[in-house]
Amino acid sequence: MAKKLAWVNEAWNQSLNKTLRNSARIGSNFPHASKGGVYDLAEPEWWTAGFWPGLLWLLYNGSGKEELKLIAEACEAKLDRVLDAYVRLDHDLGFMWTLTSVANYTLTGNEESRVRALKAANYLAARFNLKGRYIRAWNPWSEGERNEGVAIIDCCMNMPLLFWASRVSGDPRFAHIAEAHLDTVVQHFIRKDGSVYHIINFDPVTGDKVEGLGGQGYAPESAWSRGAAWAIYGLTLAYHHTGKHDYLTAAMRAAHFFLSRLPEDHVPAWDFRAPEELRQLRDTSAASCAASGLILLAQMLDGQEDAGVYFAAGERILKSLYENYGDWENPAEEGLLLHGTSHYPQGSNVDVPLIYGDYYFVEGLARLKGCGPFFWE
């Protein structure tokens with residue numbers, strides 16, 4: 001369903017050129033959020049470490065620019081100390097090594113990258129709680145904190161690493177764990193109206209659900225828009241990997257909720273149920289992630305009536321991001337997309353460019369161009 005539109009090629013070239021300029025300063029480091037026009041450089045243990053090299057791999061694949069490949073490989077090598085140290089690893093192993101080692105192996109056949117990604121998949125699988133059928137999210141953030149029972153919607157996007165590991169190793173156990181976690185997502189995270197909990201807290205001993213928590217959303221029963229995007233994309237990928245219709249129908253439910261609450265310019269508020277005065281804050285990262293997921297959802301429904309609806313929605317969102325939220329020629333701003341909202345309740349990185357927003361925007365463009373492969377698949 002790829003469509004070549006003039007604005008898509010223009011947006012791709014603008015993204016490529018700006019990333020080439022940014023790479024001269026950022027190099028093989030790990031940008032997270034743009035502050036005062038400059039991307040901060042997070043520690044390699046941080047969950048967003050895969051998005052810059054993932055962006056470089058996307059643009060390398062579409063352009064052949066060797067300098068982007070070299071930086072992405074250097075980023076991947078820097079993550080070895082994180083993988084080998086082990087103690088800082090959490091469920092975001094998928095975000096980190098899918099966009100580095102799986103990407104490298106997919107595009108180049110690098111055997112060292114395959115081994116890195118398999119090690120990461122083993123560590124991710126080891127976080128599975130058998131009684132609750134969920135993958136534990138975080139390690140304690142502070143001494144004495146107990147969060148063994150916490151799972152979050154974001155982890156849907158970590159599951160492709162496990163499906164990949166089953167495929168390349170021939171061992172179905174990784175996929176079994178991913179499916180068990182995703183079954184729990186469908187059962188406990190997706191509300192009847194298609195809105196999504198960010199966090200579910202389980203009893204880690206019995207596996208029983210204890211409560212839903214607000215997390216990065218406004219409140220426990222609100223509707224954090226990036227959570228909806230994780231669900232749309234993650235569950236669509238789950239259907240792609242398994243053919244299981246429960247995942248497809250849950251993804252469609254989340255998509256209907258998301259699309260029905262978009263404002264006129266198709267870029268969501270950071271939380272659809274925040275008080276009206278707070279809904280002026282947008283989250284371009286939620287928009288770009290959802291758009292890439294919607295285009296994949298359309299492909300999964302190829303030939304069915306709703307496919308065109310999802311494809312057109314993804315295209316509209318990406319076009320609005322390009323025309324209304326992009327920053328292309330301004331040397332005083334490194335971010336591609338303005339107005340991302342990372343963690344409003346914590347007051348962290350509010351109304352700034354976010355590296356994962358940039359990544360999913362370029363990935364969405366690549367989907368419109370038909371320029372795969374895509375590393376989650």
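FYI, the numbering just counts along the sequence from 1.
Annotation: cation-pi pair Lys69/Trp57 absent, no NZ/CZ under 6.0 Å from the ring centroid and within 45° of its normal. Under the 6.0 Å distance and 45° angle rule, Arg191 counts as a cation-pi partner of Tyr197. For Arg367 and Phe374, the positive end sits near the middle of the six-membered ring, less than 6.0 Å away and at most 45° from its axis.
The aromatic rings of Tyr359 and Trp376 sit perpendicular, their planes meeting at an angle over 60°, well past the 30° parallel limit. The aromatic rings of Trp138 and His91 stand perpendicular to each other, their planes meeting at an angle above 60°, with 30° marking the opposite boundary. Classification of the Tyr325-His339 ring pair by plane angle, with boundaries at 30° and 60°, yields perpendicular. Under the 30°/60° scheme for interplanar angles, the aromatic rings of Phe202 and Tyr134 are found to lie parallel. Relative ring orientation between Phe163 and His241 is described as parallel, the plane-to-plane angle staying below 30° on a 0-90° scale split at 30° and 60°. Between His256 and Tyr310, the angle of the ring planes stays under 30°, which puts this pair in the parallel group of the 30/60° scheme.
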Side chain to side chain donor-acceptor pair (under 3.5 Å) for Tyr322 and Glu10? Distances and angles first, verdict last. CA-CA 9 Å; Tyr322 175 59; Glu10 184 180 281; 2.5 Å; yes
Evaluate Asp183 against Tyr247 for side chain to side chain donor-acceptor pair (under 3.5 Å), listing each step before the verdict. CA-CA 8 Å; Asp183 289 347; Tyr247 301 150; 2.7 Å; yes
What's the verdict on side chain to side chain contact (heavy atoms under 4.5 Å, CB included) for Trp230 and Leu235, showing C-alpha distance, side-chain angles and the deciding distance? CA-CA 8 Å; Trp230 296 138; Leu235 289 166; over 6 Å; no
Between Ser34 and Glu333, is a side chain to side chain donor-acceptor pair (under 3.5 Å) present by the stated rule, with each step listed? CA-CA 8 Å; Ser34 176; Glu333 176 55 70; 2.7 Å; yes
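Using a 4.0 Å cut-off between charged nitrogen and carboxylate oxygen, Glu377 and Arg167 do not count as a salt-bridge pair. For the pair Lys209 and Glu211, the salt-bridge criterion is not met [side-chain N within less than 4.0 Å of a carboxylate O].
With contacts defined as side-chain heavy-atom distances shorter than 4.5 Å, the pair Val8/Lys319 does not qualify. Two residues are said to be in side-chain contact when any heavy atoms from C-beta on lie closer than 4.5 Å; Arg273 and Tyr218 fail this criterion.
Remark: of the listed residues Thr100, Asn110, Asn104, Asn104 is the sole one forming a side-chain hydrogen bond (donor to acceptor under 3.5 Å, both in side chains) with Glu76.
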